[in-house]
Enquirer: 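Here's a structure for you.
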Amino acid sequence: MLTVCHLSTSRSERIVWLLEELGLDYRLEWFQRESTGAAPAALREIHALGKAPVVRDGDLTLAESGAIVQYIVERHGGGRLGLAASDPRFAGYLYWMHFAEGSLMSLMLIALVLSRIPEAKDSPVRARILERLAKMLEFVDGKLAGHEWFAGDAFTAADVMMSFPLTTMKRYLPFDLSPHENIRAWVARIEARPAYAKAMAIAGPDATSVPGLRGGNTR
């Protein structure tokens, strides 16, 4: 059984959602953020960097959201929610799988850090970063035009990867999605998925730790 090391209000919520979508059994280990917002030291006993998400599968300990999602899809999901390299949609699927962390989250984290530095409030650097973020959201919105999901007409793991920056990240970094109707429609579609609702109840930003096994598919 897979074990998900979940840090409260973090990107590891995506891993729980993926497992619920795939109907896989898993065990959840809950790690509560400290009052400063930092991850607890106990996470460093599992992975040297002390970050989440981390999964354990037998003797394997694996970190990094994208790596974990791909590992679960290919090793435990039988390829479900993934696309084969021969599929004409594969390049787009691969792009959004990596865009989520490589482009969108990296820019959001820079904006988040700058938002917490009082001296940077009126900085031209912060203004440029926020302008870039606005253009990036416009780009994402445009790519969803005419498609329900990021890889096209089918829900895939790429949608799982793109979920955190466009939903829970707003708890940390407020940004306006009102001009982006395609993103808002996509968010509404994922929120309507039963597996997403179940995952957010278990590991979303408003969830709380309960001892024992977690998740609708655990035994």
Side-chain angles (χ1 to χ4, degrees), residues 1-82 97 100-101 104-105 108-109 155-173 187 189-219:
M1 182 185 293
L2 284 163
T3 296
V4 181
C5 300
H6 171 64
L7 177 64
S8 60
T9 318
S10 79
R11 285 173 269 192
S12 51
E13 68 181 33
R14 290 185 292 200
I15 310 306
V16 176
W17 179 26
L18 176 65
L19 291 166
E20 291 289 347
E21 288 282 358
L22 292 171
L24 297 175
D25 292 347
Y26 64 94
R27 182 188 303 270
L28 192 79
E29 290 187 7
W30 184 287
F31 294 84
Q32 187 67 35
R33 288 186 184 273
E34 297 177 352
S35 58
T36 61
L43 264 176
R44 287 196 292 273
E45 298 175 9
I46 298 170
H47 191 276
L49 295 179
K51 294 183 178 182
V54 176
V55 298
R56 292 187 296 209
D57 187 15
D59 294 331
L60 173 70
T61 299
L62 184 64
E64 290 297 331
S65 297
I68 293 170
V69 167
Q70 187 171 353
Y71 175 84
I72 291 173
V73 166
E74 296 184 10
R75 180 64 63 87
H76 292 277
R80 289 177 295 147
L81 300 187
M97 281 281 290
E101 291 292 324
L104 187 52
M105 274 302 297
M108 286 181 164
L109 288 172
F155 173 82
T156 68
D159 297 287
V160 175
M161 284 298 298
M162 286 294 293
S163 63
F164 183 86
L166 298 175
T167 57
T168 303
M169 187 61 185
K170 293 183 69 178
R171 302 270 183 130
Y172 295 102
L173 179 70
V187 170
R189 284 192 289 274
I190 68 170
E191 289 178 343
R193 296 182 70 86
Y196 182 85
K198 184 185 292 187
M200 292 306 103
I202 294 168
D206 296 318
T208 56
S209 175
V210 175
L213 294 176
R214 298 295 300 275
N217 301 300
T218 58
R219 297 287 186 270

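We're numbering straight along the sequence, starting at 1. Computed over heavy atoms, backbone and side chain alike; hydrogens, waters and symmetry mates excluded.
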Enquirer: Heavy atoms, side chains only, cut-off 4.5 Å: are Q32 and P40 in contact?
Expert: no
Enquirer: How close do Y172 and T9 get, heavy atom to heavy atom, and via which atoms?
Expert: OH-O, 2.6 Å
Enquirer: Is T167 reaching over with its side chain to a backbone N or O of S163, donor-acceptor style, under 3.5 angstrom?
Expert: yes
Enquirer: About how many Å separate CD of E34 and OG of S8, when rounded to the nearest 0.5 Å?
Expert: 10.0 Å
Enquirer: Hey, is the main chain of A203 close enough, under 3.5 Å, to the side chain of H6 for a donor-acceptor pair?
Expert: yes
Enquirer: Side chains of L62 and V54: closer than 4.5 Å at any heavy-atom pair?
Expert: no
Enquirer: So does D206 pair up with R171, basic N to acidic O under 4.0 Å?
Expert: yes
Enquirer: Less than 4.5 Å apart, side chain to side chain, heavy atoms only: is that true for H76 and L22?
Expert: no
Enquirer: Tell me whether E29 is salt-bridged to R56, with the criterion being a basic N under 4.0 Å from an acidic carboxylate O.
Expert: yes
Enquirer: Go through it in stages, so that I can follow the logic: the residues are S10 and K51, the test is side-chain contact (heavy atoms from CB on, under 4.5 Å), and I'd like the CA-CA distance, side-chain angles, deciding distance and then a yes or no.
Expert: CA-CA 10 Å; S10 79; K51 294 183 178 182; over 6 Å; no
Enquirer: Taking all non-hydrogen atoms of both residues into account, name the closest pair between G50 and R44 and its distance.
Expert: CA-CG, 3.5 Å
Enquirer: Rounded to the nearest 0.5 Å, what separates atom OG1 in T208 from atom CH2 in W30?
Expert: 6.0 Å
Enquirer: So, for A63 and A67, which heavy atoms are closest and what is the spacing to 0.1 Å?
Expert: O-CB, 3.8 Å
Enquirer: Are the side chain of R11 and the backbone of A52 linked by a donor-acceptor contact shorter than 3.5 Å?
Expert: no
Enquirer: Do R189 and F155 have side chains that approach each other closer than 4.5 Å (heavy atoms only, starting at C-beta)?
Expert: no
Enquirer: Verify whether the ring centers belonging to Y26 and W17 lie closer than 6.0 Å.
Expert: no
Enquirer: Looking at every heavy atom in both P165 and M105, which two are closest together, and how far apart are they?
Expert: CB-SD, 3.6 Å
Enquirer: Supply the atom-to-atom distance T156 OG1 to R80 CZ, rounded to the nearest 0.5 angstrom.
Expert: 14.0 Å
Enquirer: Could you tell me whether the side chain of E64 reaches within less than 4.5 Å of the side chain of V69, counting heavy atoms only?
Expert: no
Enquirer: Is a donor on one side and an acceptor on the other found under 3.5 Å between the side chain of T3 and the backbone of V55?
Expert: no
Enquirer: If I compare all heavy atoms of E13 with all of P205, which pair ends up nearest, and what's the gap?
Expert: OE1-CD, 3.6 Å
Enquirer: Taking the side chain as every heavy atom from C-beta outward, state whether R27 and V4 have any atom pair closer than 4.5 Å.
Expert: no
Enquirer: Determine the minimum heavy-atom distance between A207 and A201, stating which atoms define it.
Expert: CB-O, 3.4 Å
Enquirer: Rounded to the nearest 0.5 Å, what's the gap from CG on L166 to CG on D159? Could you check?
Expert: 10.5 Å
Enquirer: So, taking the atom named CD1 in I46 and the one named OG1 in T61, what distance separates them when rounded to the nearest 0.5 Å?
Expert: 8.0 Å
Enquirer: Step by step, work out the salt bridge (charged side-chain N to carboxylate O under 4.0 Å, His left out) result for R14 and E101.
Expert: CA-CA 12 Å; R14 290 185 292 200; E101 291 292 324; 2.5 Å; yes
Enquirer: Just do the side-chain contact (heavy atoms from CB on, under 4.5 Å) check on M162 and I190 with the steps written out, would you?
Expert: CA-CA 11 Å; M162 286 294 293; I190 68 170; over 6 Å; no
Enquirer: Just how far is it from atom CD1 of I68 to atom CD1 of I15, taken to the nearest 0.5 Å?
Expert: 4.5 Å
Enquirer: Run the side-chain contact (heavy atoms from CB on, under 4.5 Å) test on I202 and E20 for me, step by step, so that the C-alpha distance in whole Å, both residues' side-chain angles and the decisive distance to 0.1 Å come before the verdict.
Expert: CA-CA 10 Å; I202 294 168; E20 291 289 347; 3.5 Å; yes
Enquirer: Closer than 3.5 angstrom, by distance alone: can the side chain of R75 be matched with the main-chain N or O of I72 as a donor-acceptor pair?
Expert: no
